[in-house]
Number of protein chains: 2
Amino acid sequence: MKGIRQLAEHLDISIGTVSRALNGKPDVNDETRRRVLAAAEEFGYVANQSGRSLRQGETKVIGLMIESSMETVENADNFFLGVTSGLQSVFARHKLDLIMLPCPSDEDPHEYLQRMVARRIVDAMIISETHRIDRRIDLLSRAKIPFVALGRSLSASNSAWIDLDFEGVANRAVERLIARGHRRIAITAPSSEVNLGYIFLDGYRRALERHDIPFDPSLVIRVKSSEQGGYQAANELLLLEERPTAVILIYELMAIGLYRRLMESGVMPGRDLAVIGFRDAPRARFLQPSLSCFRMSLYDLGVELGRMLLANMPAYQDFYPGDGRNIIWPLELIVGESDLFDPRTGEKEFEPERLIFDNKTVES
Amino acid sequence: MKGIRQLAEHLDISIGTVSRALNGKPDVNDETRRRVLAAAEEFGYVANQSGRSLRQGETKVIGLMIESSMETVENADNFFLGVTSGLQSVFARHKLDLIMLPCPSDEDPHEYLQRMVARRIVDAMIISETHRIDRRIDLLSRAKIPFVALGRSLSASNSAWIDLDFEGVANRAVERLIARGHRRIAITAPSSEVNLGYIFLDGYRRALERHDIPFDPSLVIRVKSSEQGGYQAANELLLLEERPTAVILIYELMAIGLYRRLMESGVMPGRDLAVIGFRDAPRARFLQPSLSCFRMSLYDLGVELGRMLLANMPAYQDFYPGDGRNIIWPLELIVGESDLFDPRTGEKEFEPERLIFDNKTVES
DNA sequence: ACGCACTCCGTAAACGTTTACGAATGTTGG
DNA sequence: CCAACATTCGTAAACGTTTACGGAGTGCGT
């Protein structure tokens with residue numbers, strides 16, 4: 001079956017009517033519509049997307065841009081596939097399809113996005129890993145492509161974004177550690193210009209200030225977002241002259257490398273050093289002692305992302321009137337055994353152990 | 001900048017010439033071409049993909065279909081993002097773009113693919129997780145869409161595929177264990193109809209036969225492809241009346257759950273039970289004792305996949321003449337400590353420990 | 001001066017849809 | 001029986017490109 005023309009010939013109907021029948025337009029007899037749908041089903045006819053989108057100026061496709069650098073590959077730990085499910089669940093209701101656009105690691109993300117946008121292969125975009133100032137946001141704004149940024153950015157002052165509550169996480173981690181008697185608390189932060197680093201540190205500083213603990217720059221450890229980053233962070237930690245009693249991690253995978261390096265040096269996490277991790281990544285679930293960290297539902301995040309995006313698309317915003325311009329996505333603290341001791345006495349407090357292999361699938 | 005028409009008006013040239021200039025066609029003056037390219041650059045003009053592909057019947061886009069079910073999300077461990085890099089490196093040479101098509105978990109993969117194919121949004125496809133008989137293959141064949149299956153299938157007798165060397169892995173694992181004195185060797189296999197299960201078991205059976213060890217169906221443990229699957233596999237293993245001295249795993253993540261369950265029961269991997277894992281997944285790199293398993297380069301696999309696909313596309317096959325119809329992708333054995341004991345004496349043989357945190361990034 | 005080849009460019013058709021418009025037919029109310 | 005309207009459908013234009021074709025201009029040899 002080549003196209004709508006052949007289908008129309010076979011039915012001995014004009015192509016206009018066939019098109020109307022297939023697209024649920026009103027001006028068509030019930031019986032005719034039935035015949036058309038039956039024939040389309042029989043021949044497996046589906047409208048050619050190029051022709052369709054050329055005519056109506058929209059593609060019914062949403063793009064999710066991800067960076068496929070090896071660093072991301074190693075470390076994202078299926079973050080994007082997780083949100084994808086949530087996204088699709090809301091897009092499906094509007095017959096929108098989601099495609100993932102992996103930016104090649106050797107290409108400039110800005111140019112890649114520009115190319116994709118100019119080709120008009122998508123109606124709207126979701127971009128991730130936003131930088132502090134991110135030209136992609138200006139690009140999309142100027143091109144009038146509806147979009148949502150996963151990760152806030154200074155460039156996005158006027159556009160939609162949704163971001164994890166990094167400040168809250170740092171804040172609560174510090175509060176929790178201080179409440180346990182810690183005073184010298186190290187924190188890790190990204191070495192690159194991604195915006196989340198600034199926010200993370202802000203939460204950390206503010207929480208310290210609230211308790212009149214002076215901010216000590218030497219306790220900020222710049223790391224790469226990987227297991228190796230965690231390993232090196234532990235290294236730097238061990239080299240500090242006055243060793244901190246606690247450390248707060250960023251990036252889900254850091255904990256693994258950090259644990260390993262600590263163990264190698266005979267420093268036991270949860271006894272000699274309190275550790276609070278970031279996201280509850282699948283790869284980190286096995287750690288012993290179990291890691292205190294934060295958890296979120298990737299699926300729900302995807303749903304919210306999808307809703308927010310549609311709220312910014314003229315054709316769909318009637319369906320999502322309330323959905324605002326940006327969201328700080330909360331994370332829930334999961335108590336493990338990695339921060340249960342008192343730094344002054346060394347005594348271990350009892351708290352329920354985190355269950356790993358319960359029957360319900362643990363959300364990632 | 002709306003389209004080529006406005007660009008042509010601005011330059012006071014006909015749109016035909018503009019198009020020829022942009023696409024590197026011969027019949028155009030050097031000076032004119034320079035002006036056109038400069039103007040296009042200035043206004044950020046890129047040809048609308050719908051119009052272009054409508055005219056020339058191709059989209060310059062390759063689709064990689066992946067299943068985004070939660071099971072995959074949890075367990076694939078960035079497998080696809082890994083091969084993506086390799087794919088793009090070869091596609092980039094031909095100005096082809098790769099998009100990932102995540103099939104919603106609640107939609108039938110066959111219908112999803114049919115929809116995508118009929119919409120003609122891609123020129124060619126890579127499909128993964130092929131089943132023993134997979135209707136998607138017939139669909140693509142009939143639609144005359146060039147494709148490569150990642151994973152062999154009975155349905156793909158006549159088409160291109162590339163698959164991991166499951167048979168070889170099972171084979172070498174058994175050989176290695178037998179050489180160490182094991183006679184009672186359990187193996188895990190998928191509970192679903194994916195084709196790799198059959199092949200994996202074939203390799204296992206043949207290796208046993210070669211050494212006159214009878215095949216014992218009770219030693220085949222059906223598992224889900226997850227950590228939980230590994231946990232349950234260990235459970236079943238422990239319940240066997242005459243406990244095997246070794247077990248061969250499938251799926252990269254199984255080892256984690258298996259280790260955990262064994263430890264809980266005081267059965268030490270590498271001392272009380274030899275374990276040989278499958279792929280050298282990032283999440284399994286930390287295991288203690290380190291896991292003997294197999295390794296491959298996802299990047300190289302992606303490259304080979306890309307080459308094979310292009311070899312099946314009329315427009316590109318001149319560039320890849322030699323690339324055949326299918327490949328069995330080899331995996332390299334990485335010796336760990338999980339299978340270094342003699343089941344009769346319990347003595348541990350010395351072999352070099354696997355390095356995890358070397359400087360070069362370990363390929364996943 | 002003529003024919004010829006060559007270079008460069010404009011014209012218009014085609015790709016597969018959707019949709020505004022109007023025509024044809026049937027229906028209703030008076 | 002006619003006007004007015006409703007229902008259903010066909011016609012043709014439009015979307016933004018690419019490309020086959022042919023025409024205009026130039027240079028060259030005879």
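In what follows, every chain begins at residue 1, and chains take the letters A, B, ... in the order their sequences are listed. Here the structure is a predicted model, which means the values were calculated and not measured. The figures here come from the full heavy-atom set of this structure, side chains too, leaving out hydrogens, waters and symmetry mates.
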- Task: Have a look at the helix from C:dA1-D:dT30 to C:dG30-D:dC1 and give the angle its two end axes make, five pairs each, rounded to 10 degrees.
- Result: 60°
On the nucleotide [N], are OP1 or OP2 found under 4.0 Å from the side-chain N or O atoms that [X] carries?
X	N	answer
A:Thr17	D:dC9	no
A:Asn23	C:dT18	yes
B:Lys25	D:dT18	no
B:Tyr45	D:dG16	no

Check for a donor-acceptor pair, side chain of [X] on one end and backbone N or O of [Y] on the other, with a separation under 3.5 Å.
X	Y	result
A:Thr32	A:Val28	no
B:Thr130	B:Ser153	no
A:Asp123	A:Thr59	yes

How long is the line joining [atom1] of [X] and [atom2] of [N], in whole Å?
X	N	atom1	atom2	answer
B:Asp27	D:dA24	CG	C1'	14 Å
B:Leu22	C:dC9	CG	C1'	15 Å
B:Arg5	D:dC15	CZ	P	8 Å
B:Arg20	D:dC21	CZ	P	14 Å
A:Glu9	D:dT11	CD	P	12 Å
B:Leu11	C:dC9	CG	C1'	14 Å
B:Ile15	C:dT11	CD1	C1'	9 Å
A:Ile4	D:dA14	CD1	P	19 Å

- Task: Looking only at side-chain atoms of A:Ser14, point me to the closest of D:dG10, C:dT17, C:dT11.
- Result: D:dG10
- Check every atom of C:dC9, D:dC9, C:dT18 against the side chain of B:Thr32 and return the nucleotide holding the closest atom. C:dC9
- Task: State whether a side-chain donor-acceptor pair under 3.5 Å links B:Ser50 with A:Ser50.
- Result: no
- Indicate whether the side chain of B:His110 and that of B:Arg136 have a donor and an acceptor atom separated by less than 3.5 Å. no
- Query: Do A:Tyr45 and A:His10 make the cut of ring centroids closer than 6.0 angstrom?
  - Reply: no
- Flag yes if more than 12 heavy atoms outside A:Ile133 fall under 6.0 Å of its CD1 atom; otherwise flag no. no
- Message: Tell me whether B:Arg135 at atom CZ has more than 12 heavy atoms from other residues, nucleotides or ligands lying less than 6.0 Å away.
- Response: no
- Query: What's the shortest heavy-atom distance between B:Arg325 and B:Met308, and which atoms?
  - Reply: O-SD, 3.6 Å
- Query: Is a donor-acceptor pair below 3.5 Å formed from side chain B:Asn29 to base C:dC8, judging by atom type as modelled?
  - Reply: no
- Message: Once rounded to the nearest 0.5 Å, what's the spacing between atom CD1 of A:Ile137 and atom CZ of A:Phe147?
- Response: 5.5 Å
- Position toward the 5' end of DNA chain D (nearest nucleotide), A:Gly16 or A:Asp30: A:Asp30
- Item | Contact list for DNA chain C against residues 49-56 of chain B - heavy-atom distance below 4.0 Å | B:Leu54, B:Arg55
